[in-house]
Number of protein chains: 2
Amino acid sequence: MSDIGIKQLAKNLGISTASVSRALSNPDRVSTAMRKKVQAAAKLAGYRPNKMGASLRTSKTRNIIVIIPDISDTFNSGVIRSLERTAANRGYAVLFGDTQGIRELEITYGDMVQTRQADGIICFSHRLPFTDEDMASESFKMPPLVNSCEYIDADQAGGHVVPLVTIDNVKASRELTQHLIDLGHVDIAVITGDISSPSTTQRLQGYQEAMLSSGLAVQQQLIYEGTYTLEAGSTITKEILLAKKRPTAIFCMCDETALGCLYALKEHNFSIPHDISVVGFDDIKFAQYFSPALTTIAQPVAEIGQQCVEVLLDIIDGKEVKKPMVVLPHQLVIRDSTGPVPDR
Amino acid sequence: MSDIGIKQLAKNLGISTASVSRALSNPDRVSTAMRKKVQAAAKLAGYRPNKMGASLRTSKTRNIIVIIPDISDTFNSGVIRSLERTAANRGYAVLFGDTQGIRELEITYGDMVQTRQADGIICFSHRLPFTDEDMASESFKMPPLVNSCEYIDADQAGGHVVPLVTIDNVKASRELTQHLIDLGHVDIAVITGDISSPSTTQRLQGYQEAMLSSGLAVQQQLIYEGTYTLEAGSTITKEILLAKKRPTAIFCMCDETALGCLYALKEHNFSIPHDISVVGFDDIKFAQYFSPALTTIAQPVAEIGQQCVEVLLDIIDGKEVKKPMVVLPHQLVIRDSTGPVPDR
DNA sequence: TTTCATATGGTAATCGTTTGCCATAATGCA
DNA sequence: TGCATTATGGCAAACGATTACCATATGAAA
């Protein structure tokens with residue numbers, strides 16, 4: 001672990017730096033004898049190549065930057081884990097930028113490709129991490145980027161198509177709503193995520209489609225605008241309980257919200273699903289341990305992470321991207337938080 | 001966003017690269033006129049400094065690598081978030097390596113300082129991310145490293161003192177156990193984490209100390225070896241329930257385990273805390289939403305993250321590290337999962 | 001034996017910055 | 001006014017790898 005470089009190594013062996021470099025990172029280019037000699041010496045000396053030097057020369061960093069609003073979000077962290085794993089297998093390291101939804105931080109992290117600290121971006125937000133100014137510039141070139149789970153508007157992207165890995169939110173939401181309808185529910189409240197997020201819009205659309213196609217009215221007063229948080233689930237549920245006409249089911253657009261919802265319901269002595277049914281979305285690892293275990297949509301977390309990396313690396317490698325949008329299968333998971341509509 | 005470099009910029013302005021560099025990153029070194037001129041031109045041209053070039057020259061990367069067994073662990077991700085924030089404020093980016101506890105991956109990530117991809121390491125494991133071989137070598141120099149929450153043995157560290165940011169696990173565990181004892185519990189089962197982890201050992205020690213100092217026997221058959229997971233909580237609790245003599249309280253060494261435990265208890269129709277009391281450890285964000293809300297030890301997640309970074313940057317900057325061990329205050333949070341021992 | 005292709009190793013340029021050293025200009029002070 | 005500082009800008013050498021290009025050696029084919 002001494003601070004030895006390729007130069008010193010070459011000098012010690014009485015050979016050129018070119019041979020050392022080749023023996024280590026392009027072994028076919030040298031004779032077996034040379035290769036063995038150099039590799040042995042390198043190992044002995046504890047030689048570690050300085051990646052900065054290499055990166056500078058090759059203009060490849062083998063880093064991926066992941067831009068994410070909240071790294072502690074349970075659903076996201078599942079995807080992250082898979083990302084990281086896949087990337088590592090392909091020889092890439094993953095940098096994370098937690099933006100807390102702050103625009104300025106998004107920009108900072110988005111800049112890391114421009115400053116050559118990363119080769120590409122995986123983004124978990126519905127906003128691109130570049131200034132409008134930059135994007136408007138005609139010299140703007142979109143760096144390798146794929147979006148996870150959140151659709152980005154072509155308008156916002158200045159006409160660029162942004163590759164996306166996601167499930168079909170509309171369809172999943174429709175199925176979930178249909179499940180409630182099949183149980184006889186008619187008054188189904190919704191606690192949305194941030195409405196500026198397309199995933200929320202899509203899930204809302206699925207809900208509406210399911211209602212309408214079953215001949216049920218979409219009651220605007222049952223749609224509550226929230227966020228993807230525990231707190232939103234808890235506070236909005238209380239609001240729902242205060243309504244003159246109570247719904248018999250609550251559709252929470254993420255599992256954390258559903259947990260908050262269950263909490264508030266139990267606090268007010270509602271029995272689930274006897275009095276009110278609750279569904280979530282995502283199937284985070286905690287969902288099956290909630291009481292009652294949560295009916296939800298399972299997203300293929302591992303595949304999402306993996307595909308994000310695969311697609312991104314294809315772009316980085318300059319390969320033709322066959323599918324700008326990868327839609328992965330979700331699954332309706334029926335557990336104990338949903339039941340038939342109660343008699344009135 | 002054009003691919004312009006310092007050289008081109010200098011040529012355009014008819015000045016030397018030195019002046020450009022100074023105007024941008026060492027502004028006091030040049031005249032106001034020069035500074036303004038260069039900065040304006042840089043902005044106009046969308047100049048982005050290539051950090052690889054700079055890093056190579058300065059041998060500073062301004063990256064920190066965080067090595068963590070499970071990035072999706074809820075407690076950890078809280079700390080991570082804070083880490084990331086503090087680091088960003090200090091101008092450092094954070095890279096993450098999720099090792100899944102795999103030795104080989106630990107080594108890979110540990111190597112990133114040697115290969116100059118990062119300036120320092122924050123480690124969430126009880127093992128150092130270097131090969132024994134390396135550490136045994138006399139030329140081994142410990143890179144800047146601080147450990148979060150897990151103590152590292154000086155033996156294992158080859159005599160090096162590894163700075164640590166943590167709470168006092170022994171004390172916290174003692175208080176938590178004492179809380180149960182105060183409620184009249186005598187037969188208190190424990191579901192541990194991985195026993196190779198010092199945090200587990202320490203929490204176990206705290207438990208034992210509390211029992212003994214209250215004149216209670218430590219019953220070995222009540223100590224169940226587990227892991228810091230939901231699944232362990234669930235399966236081991238079932239085991240506990242099958243025991244001839246059932247405990248009246250279960251001490252889970254982390255909140256996720258406690259959730260698994262609550263789940264299993266409810267599944268078998270035990271009422272909490274009426275029949276059995278349960279405590280967790282960490283106070284993850286979900287804990288207060290469990291049913292019943294969980295009595296636990298709150299760790300100062302944000303401060304832990306912050307301190308880790310502060311200490312690490314001090315080491316990187318070559319400052320004297322005043323305290324090799326930072327012990328932060330925890331808090332006993334009493335909620336609804338604990339109650340008086342039931343009448344027999 | 002000659003000729004050509006291939007295998008192997010070396011030389012030195014290069015990637016994009018930063019910075020030590022120097023020259024000159026500007027300023028302060030007596 | 002003269003001299004000592006200080007401010008400012010340029011030159012060119014790093015940093016540590018990779019690699020285009022070249023020279024030589026080796027072997028095969030004729």
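Below, chains carry the letters A, B, ... as their sequence lines are ordered, and counting in each starts from 1. The model shown is predicted, which means the values in this text are computed figures rather than measured ones.
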Sugar-phosphate, base or nothing in reach of [X], heavy atoms under 4.0 Å:
| X | answer |
| --- | --- |
| A:M52 | nothing |
| A:S25 | sugar-phosphate |
| B:A54 | sugar-phosphate |
| A:R29 | base |

Can you tell me how far [atom2] of [N] sits from [atom1] of [X], to the nearest Å?
| X | N | atom1 | atom2 | value |
| --- | --- | --- | --- | --- |
| B:Y47 | C:dG16 | OH | P | 10 Å |
| B:K7 | C:dT17 | NZ | P | 9 Å |
| A:R57 | C:dT17 | CZ | P | 16 Å |
| B:L56 | C:dT19 | CG | P | 12 Å |
| B:N26 | C:dT17 | CG | P | 16 Å |
| A:D28 | C:dT8 | CG | P | 10 Å |

Return the 5'-most residue of the pair B:I6, A:S16 with respect to DNA chain C, ranking by each residue's nearest nucleotide. A:S16
Residue whose closest nucleotide on DNA chain C lies nearer the 5' end, A:T17 versus A:T32: A:T32
Take A:R85 and B:D98 through the salt bridge (Lys or Arg N to Asp or Glu O under 4.0 Å) test and state the conclusion after the steps. CA-CA 7 Å; A:R85 189 75 321 166; B:D98 182 318; 5.2 Å; no
To the nearest 0.5 Å, what is the distance between CD (B:E133) and CE (B:M135)? 12.0 Å
Is there a donor N/O on one and an acceptor N/O on the other, under 3.5 Å, for the side chain of A:R22 and the base of C:dG10? yes
Closest non-hydrogen contact found for A:I65 with A:F96 is CD1-C, 4.2 Å
Do you know the tightest heavy-atom contact between A:P324 and A:V161? CB-CG1, 4.0 Å
Decide side-chain contact (heavy atoms from CB on, under 4.5 Å) for A:V38 and A:S19; before the verdict, give the C-alpha distance in whole Å, the side-chain angles of both, and the deciding distance to 0.1 Å. CA-CA 8 Å; A:V38 173; A:S19 294; 5.5 Å; no
Assign each of B:R35 and A:G5 the nucleotide of DNA chain D bearing its closest heavy atom; nearer the 5' end lies the nucleotide of B:R35
Using heavy atoms to find the nearest nucleotide of DNA chain D for B:S19 and A:G53 separately, return the residue whose nucleotide is more 5′. B:S19
Does a side-chain heavy-atom distance below 4.5 Å link [X] with [Y]?
| X | Y | value |
| --- | --- | --- |
| A:I64 | A:L313 | yes |
| B:S125 | B:T99 | no |
| B:N147 | B:L145 | yes |

Do B:S197 and B:E150 meet the criterion of a side-chain donor-acceptor pair at a distance under 3.5 Å? yes
Ignoring hydrogens and angles, state whether a donor on the side chain of B:T115 or B:Q117 is under 3.5 Å from an acceptor on the partner side chain. yes
Through what angle, rounded to 10 degrees, does the axis of the helix from C:dT1-D:dA30 to C:dA30-D:dT1 turn between its ends, using five pairs per end? 30°
OP1, OP2 of C:dT17 versus side-chain N and O of B:S21: anything below 4.0 Å? no
Which two nucleotides bound the region of DNA chain D that has atoms under 4.0 Å from heavy atoms of chain A, read 5' to 3'? D:dG16 to D:dC21
